[in-house]
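Only one structure is covered here, and it is reproduced in the block below.
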Amino acid sequence: MSVTEEIKQRLDIVDLISEYVPLKKSGRTYKGLCPFHQEKTPSFVVFPDTQGWHCFGACATGGDIFTFIQKREGMDFTEAVRFLAQRAGIELVPGSEGGAQQAEVRSRLRSVMEAAASFFVAQLASPGGQLARDYLAKRGVGQAAIEEFRLGYAPNAWRALSTHLLADGFSREELAEAGVISEGEEGRFYDRFRNRLIFPISDSRGNVVGFGARSLDGSEPKYLNSPQTPLFDKGKLLYGLDRARDGIRQSGTAVIVEGYMDAIAAHQAGYRNVVASMGTALSEAQLQSLARLAKRFVLALDPDAAGSVATLRGVAVAGEALQTESAASFDGGLLRFERRLSAEIRVAVLPQGRDPDELIREDAAAWQRLIAEAKPVVDYYFDVALAEAELSDAKGKVRFARRLLPVIARVPDALERAHHVERLARLIQVDPSLVERELAAVRRNAASAPDRDGLDGLQGGRDDSGQGALPEAFGPEEYALWFLSQNGSALAAANEALASLGSEPLSEADFLDPANRALFEALAQFGSGGRLALRSALSGDLRRRFDWLESAGAGEPEASEDYVWHDGIYACFFLRSRRLKHEARLLQLAQEGEEDQAELRQYALAVDKTRRQMQVLTRALASRSLLKAKE
Ligand SMILES: [Zn+2]
């Protein structure tokens, strides 16, 4: 995961923007007065689902947390990454590790956590813990599991735990650093967890390092975790791993579920090889801790989340993390064999409408079957892509193929790859050799890209720019950037073509990847001088990205200049049409909670305008097919 993705995952956009703009909930979105232009009625909308924002008023632009901070704080992209990384508690420069003092602090914090866990356990057994005990009984959690997982209860009081711990001789600073109290204004503080069921989260050695806490009275959020502390890094831990270690080793399989209750239910039913990802996308570090124990992984996915982008990314991370690890420890003839073995990741999609813990409790055999029949990752990708594909026209087929080719390209085994190529060709009804050729191009691009930071890079700290990670593939954004950078007049030509269709000039908002946005901004400023002038205006990671694009672009099939020109403009159209589609969706979301009739009409007009523009672009895009052009 790149540092920008990690920051996005840790910071909530609604929390962040609320500090600058008063926001009001409206349906699935939040609205407020735009901080970037003067207005009386709110047209600034924040989307928790996509973690984005958009001004539908005079600005007519939007973005993510990085663009918001850039605009609001007047920072450039790198500064915004630094600013937000600090907020998210992510260290960009390798910190000075070790030191006796640091070890002392950590050991002291571990004592705080242990004392807190014992306190919560005692509270669960006390008369005050009735509500929590009732809840556990209702969810079928028995006494043995309660004891094994050291479940607890945080009383419904402002300072129950803190009073107890202060009396035990811990200092207030220590409580704050351990994340068990929250500090308010004027020196006030209170217990972080109140009236909640407590799940202690342990490191692999069984030390309690954090807590997950479920609300019992319907208060939000439903689940509250410990904040980032010197001991607790949610992105690196798996819930239940200390209990599941032996089960995973013995069965050779690690099953990864999402929730605390799911993991507990599985263990209670005798499936001891189950851990929980605690709701976040899987990280390399999490998988690495499992890869030492087992060769087979099953991700048990919630049907609602199974097709989501975050989940797909998690699955992709899983594949790459495991392949990277084995690639580091084997070479030569063994490599392919070992790689294939260690990359065996399967996906089980749970039946609709049932939580895993329910399923396990009511029908343990069905659970076992589900895990045994989990599908290989590539098959899972096929399923997801198929569910969303429109294979009735050429454009739909191309989109479908483009989605699957990078996945197939990552399969290390040639025979297995050939199998997937056959299947893809059959589905889009083209000759397999054509798919083979497209795949070769994808693989060539991947091979010509400089090595991306592997696991070693992650462990040794990061570079501090935040733009360090290179693109994952030579996708439409990268292709457009490469095309635009090759010729000083390309951007003007693309803008002219867009204008001829009634569309505005390209802007950084047409790019989703924050680093690509930054590169586009530089390009808009310096690109007209040609590629060498542009390159000399870039520094550090933007230059690395530029060079990567140059080498990836050089891997494009030999073709006439016309061909490149055509494809470049095509890529720009694609980005714009994607953005319009996105904006139409955002507009509709924003509409949902709106009651003011005049406002609603405004939204309807805007949706209409966006749709019309999109249609014009879609027609322009459909006038030729990419696959055909390569024949
Ligand atoms: Zn605005």
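Keep in mind that this is a model prediction, so the values were computed, not measured. Residue numbers count from 1 along this sequence. As the structure lists them, so they are numbered: ligands from 1, and atoms in each ligand from 1. Values reported hereafter were calculated over all heavy atoms of this structure, with side chains retained and with hydrogens, waters and symmetry mates removed.
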- line: Counting only protein N, O or S atoms (no waters) closer than 2.8 Å to the Zn ion (ligand 1) gives 4
- prompt: Rounded to the nearest 0.5 Å, what separation is found between the CD atom of Glu39 and the SG atom of Cys55?
  reply: 6.0 Å
field: Separation between OG of Ser507 and CG of Asn495, rounded to the nearest 0.5 Å
entry: 9.5 Å
message: Between Arg10 and Asp233, is the salt bridge (charged side-chain N to carboxylate O under 4.0 Å, His left out) condition met? List the steps.
response: CA-CA 11 Å; Arg10 290 203 193 170; Asp233 184 344; 3.2 Å; yes
field: Arg196/Asp217 ion pair, N-O < 4.0 Å
entry: no
- prompt: How are the rings of Phe36 and Phe44 set to each other: parallel, tilted or perpendicular (split at 30° and 60°)?
  reply: perpendicular
- prompt: Are the side chain of Trp53 and the backbone N or O of Asp64 linked by a donor-acceptor pair below 3.5 Å?
  reply: yes
